[in-house]
Undergrad: 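This is the structure I want to talk about, given as structure tokens.
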Amino acid sequence: MSGGTGSHPGAPLTLRVARVIRETDDAVSLELSPAAERDPIDYRPGQFLTLRIPSELTGSVSRCYSLSSAPHEEGPLKVTVKRTPDGYASNWLCDNAVAGMVLDALPPAGVFTPASLEDDVLLFAAGSGITPVLSILKSVLASGSGHCALIYANRDERSVIFAAELADLAARHPGRLVVVHWLESVQGLPSRAQLAALAGPWREREAFVCGPAPFMDAVSAALLGLGADRKRVHVEKFVSLGGDPFQTGRSEVVDSGDRAVVEVELDGETRALSWPRGEVLLDVLLANGLEAPYSCREGACSACTCRVVSGQVEMRHNEVLDDADLAEGYVLACQAVPVTDTVQVTYS
């Protein structure tokens, strides 16, 4: 699981497309600025935006897109969207996004972000998975002292997103950045053994992995086979959202009288709260004024992830945590209900 804590959405944002950048034949970057004057939008490298895309069939659909910009750049937010077969939202944005267009968004969220920019990192990306990885890479180089090794897989040379920017970064930071490209058209799909060989020189580093699910699975297996600490292997997972995360979150919970007690550590403070058994943990935290991280509220992203230290919960729905995550106690607060009378959770 990724380290760090996600940000809570708060009120939706209204963003104006300042510029559309054609990155490759099937990928565009959208530079987004607040449509009205407001304070700068805070975010951490590796986080994502949830955008609302117009739809004639359903009114709108919501999709998560990682930020390829970095906080230190202090410019517009930038998301990069790659066209996917039968992907309504990505195709709509690639075909219709123009400067001046206004889009609704939830504030940046997500936990695929390094706890420190001073540590050395090993970065794996495939295809559009480079988007959050680039944000992390740029942040480490500009705002920290860590060294970066990037292994970046693509179909062919034409499909390499940010090729020029990566080459420039490597030239400007020769002692701190190594970029290794893998092209399927030349080398075929990378095997687990080949990925392990590529990662070998940097196996001790904190690792961040983003790309298609088979690629992420293969990289994770390769790193674990090298003896990497699973807690230091961070994988970014997205699935399509079915509901409307732009609906106002609940601020009240119904107390039926049957309740557990939860002790929660969040933002350096610990509080004990009554937890009605029919309510999910996230709603209980929000109702008690805690700014707990969340985004989709569907169990389809990892923004609300926390870890159960003692006690037991069950989740109503889960699309992103795997068996190993669950074995380590990670749960989704937006889906967790208590099983035992007392539960202790942490966001650290």
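Values below: all heavy atoms of this structure, side chains included; hydrogens, waters and symmetry mates excluded.
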Undergrad: Return the OG to CG distance between Ser69 and Leu77, rounded to the nearest 0.5 Å.
TA: 5.5 Å

Undergrad: Taking side chain as C-beta onward, heavy atoms only, is Pro293 less than 4.5 Å from Leu266?
TA: yes

Undergrad: Measure the spacing between CG of Asp95 and OG of Ser90 and express it to the nearest 0.5 Å.
TA: 9.0 Å

Undergrad: Do you know which two heavy atoms are closest between Pro338 and Ala260, and how far apart they sit?
TA: CB-CB, 3.8 Å

Undergrad: Is Asp322 paired with Arg230 through a side-chain N to carboxylate O contact shorter than 4.0 Å?
TA: yes

Undergrad: Look at Arg277 together with Asp341 and state whether they make a salt bridge at an N to O cut-off of under 4.0 Å.
TA: yes

Undergrad: Give a yes or no on whether Asp156 atom CG has more than 12 heavy-atom contacts from other residues, nucleotides or ligands under 6.0 Å away.
TA: yes

Undergrad: Given the rule that I, L, V, M, F, W and Y join up when any side-chain heavy atoms are under 4.5 Å apart, are Val284 and Val280 in one cluster?
TA: no

Undergrad: How far apart are the closest heavy atoms of Val20 and Ala97, and which atoms are they?
TA: CG2-O, 3.5 Å

Undergrad: What residues form a side chain to side chain contact (heavy atoms under 4.5 Å, CB included) with Glu165, not counting sequence neighbours?
TA: Leu134, Lys138, Phe162, Leu169

Undergrad: Between atom NE2 of His317 and atom CD of Gln335, what is the distance when rounded to the nearest 0.5 Å?
TA: 6.5 Å

Undergrad: Looking at every non-hydrogen atom in both residues, tell me the closest pair between Leu332 and Asn318 and how far apart they are.
TA: CD1-OD1, 3.6 Å

Undergrad: For a side chain to side chain contact (heavy atoms under 4.5 Å, CB included) with Val264, tell me which candidate from Val343, Thr270, Leu290 qualifies.
TA: Leu290

Undergrad: Please tell me if the side chains of Pro71 and Asp42 come closer than 4.5 Å, counting only heavy atoms from C-beta onward.
TA: no

Undergrad: Could you state the interatomic distance from NZ (Lys82) to CD1 (Ile130), rounded to the nearest 0.5 Å?
TA: 11.5 Å

Undergrad: Could you list all the ring pair (Phe, Tyr, Trp, His ring centres under 6.0 Å) pairs where at least one residue sits in residues 177-201, not counting sequence neighbours?
TA: Tyr152-His181

Undergrad: Among Thr340, Val331, Thr342, which one satisfies side chain to side chain contact (heavy atoms under 4.5 Å, CB included) with Gln312?
TA: Thr340

Undergrad: Between Tyr294 and Arg297, is there a cation-pi geometry (under 6.0 Å to ring centre, at most 45° from the normal)?
TA: yes

Undergrad: Taking the side chain as everything from C-beta on, heavy atoms only, tell me whether Arg259 gets closer than 4.5 Å to Trp275.
TA: no

Undergrad: Without swapping roles, check the side chain of Glu118 against the backbone of Gly144 for a donor-acceptor pair under 3.5 Å.
TA: no

Undergrad: Looking at Leu93, Leu15, Leu49, Thr131, which hits side chain to side chain contact (heavy atoms under 4.5 Å, CB included) with Val79?
TA: Leu49

Undergrad: Are the side chains of Val28 and Thr80 in contact, using a 4.5 Å heavy-atom criterion?
TA: no

Undergrad: Run the side chain to side chain contact (heavy atoms under 4.5 Å, CB included) test on Phe48 and Phe112 for me, step by step, so that the C-alpha distance in whole Å, both residues' side-chain angles and the decisive distance to 0.1 Å come before the verdict.
TA: CA-CA 9 Å; Phe48 62 86; Phe112 186 73; over 6 Å; no

Undergrad: Calculate, to the nearest 0.5 Å, the distance between atoms CD and CZ belonging to Glu31 and Arg16 respectively.
TA: 15.0 Å

Undergrad: Can you give each donor-acceptor pair under 3.5 Å made by side-chain atoms of residues 217-229, sequence neighbours left out, with the distance rounded to 0.1 Å?
TA:
{"from": "Ser220", "atom 1": "OG", "to": "Met216", "atom 2": "O", "distance (Å)": "2.9"}
{"from": "Asp229", "atom 1": "OD1", "to": "Lys231", "atom 2": "N", "distance (Å)": "3.0"}

Undergrad: Using salt bridge (Lys or Arg N to Asp or Glu O under 4.0 Å) as the criterion, list what pairs up with Arg22, not counting sequence neighbours.
TA: none

Undergrad: If hydrophobic clusters are built from ILVMFWY residues whose side chains come within less than 4.5 Å, do Val308 and Val337 share one?
TA: no

Undergrad: Can any side-chain N or O of Gln47 pair as donor or acceptor with the backbone N or O of Gly110 at less than 3.5 Å?
TA: yes

Undergrad: Is there a continuous path of hydrophobic side-chain contacts, each under 4.5 Å between heavy atoms, that joins Ile21 to Val17?
TA: no

Undergrad: Give me the other members of the hydrophobic cluster that Val261 sits in, counting Ile, Leu, Val, Met, Phe, Trp and Tyr linked by side-chain heavy atoms under 4.5 Å, directly or via other members.
TA: none

Undergrad: Answer yes or no: is there a side-chain heavy-atom contact under 4.5 Å between Leu103 and Arg52?
TA: no

Undergrad: For Tyr347 versus Ala333, what's the shortest heavy-atom pair and its separation?
TA: OH-CB, 3.4 Å

Undergrad: Applying side chain to side chain contact (heavy atoms under 4.5 Å, CB included) between Ser128 and each of Ile161, Asn154, Thr24, report the one that passes.
TA: Ile161

Undergrad: Is any NZ, NE, NH1 or NH2 atom of the basic residue among Arg158 and Asp26 found under 4.0 Å from an Asp or Glu carboxylate oxygen of the other?
TA: no

Undergrad: Going by salt bridge (Lys or Arg N to Asp or Glu O under 4.0 Å), name the residues that satisfy it together with Asp168, two or more places apart in sequence or in a different chain.
TA: Arg172

Undergrad: Under 4.5 Å between side-chain heavy atoms, hopping through other hydrophobics if needed: is there a path connecting Val233 to Val180?
TA: yes

Undergrad: Under the criterion side chain to side chain contact (heavy atoms under 4.5 Å, CB included), I'd like the reasoning laid out for Leu281 against Val313: C-alpha separation, chi angles, the key distance, then a yes or no.
TA: CA-CA 10 Å; Leu281 176 60; Val313 306; over 6 Å; no

Undergrad: Do Pro12 and Asp104 make a side-chain contact, defined as non-hydrogen atoms from C-beta onward lying under 4.5 Å apart?
TA: no

Undergrad: Taking the side chain as everything from C-beta on, heavy atoms only, tell me whether Leu321 gets closer than 4.5 Å to Met315.
TA: yes

Undergrad: How about Glu157: does its CD atom have over 12 heavy atoms from other parts shown lying under 6.0 Å from it?
TA: no

Undergrad: To the nearest 0.5 Å, what is the distance between OG (Ser62) and CD1 (Ile53)?
TA: 8.0 Å

Undergrad: Would you please test Val309 and Glu265 for side chain to side chain contact (heavy atoms under 4.5 Å, CB included) and show each step?
TA: CA-CA 10 Å; Val309 178; Glu265 180 189 3; over 6 Å; no

Undergrad: To check you understand the geometry: which heavy-atom pair defines the closest contact between Phe208 and Pro114, and what is its length?
TA: CZ-CA, 3.7 Å

Undergrad: Does atom CD (Glu204) have a neighbourhood of more than 12 heavy atoms from anything else shown, all under 6.0 Å?
TA: no

Undergrad: Salt-bridged, Glu206 to Arg232, with N to O below 4.0 Å?
TA: yes

Undergrad: If you look at every heavy atom in Ser139 and Leu117, which pair is closest and at what distance?
TA: O-CD1, 3.7 Å

Undergrad: Could you give me the CA-CA distance, side-chain angles and deciding distance for Arg205 and His147, then say whether side chain to side chain contact (heavy atoms under 4.5 Å, CB included) is met?
TA: CA-CA 10 Å; Arg205 295 185 179 184; His147 293 70; 3.8 Å; yes

Undergrad: Do Trp92 and Val102 sit in the same hydrophobic cluster, where Ile, Leu, Val, Met, Phe, Trp and Tyr count as joined when their side-chain heavy atoms come under 4.5 Å apart?
TA: no

Undergrad: I want to check something: taking the side chain as every heavy atom from C-beta on, are Val81 and Arg63 in contact at a cut-off of under 4.5 Å?
TA: no

Undergrad: Run the numbers on Glu23 and Ser29 for side-chain hydrogen bond (donor to acceptor under 3.5 Å, both in side chains), then give the verdict.
TA: CA-CA 7 Å; Glu23 302 287 1; Ser29 289; 2.7 Å; yes

Undergrad: Between the side chain of Arg176 and the main-chain N/O of Val140, is any donor-acceptor distance below 3.5 Å?
TA: yes

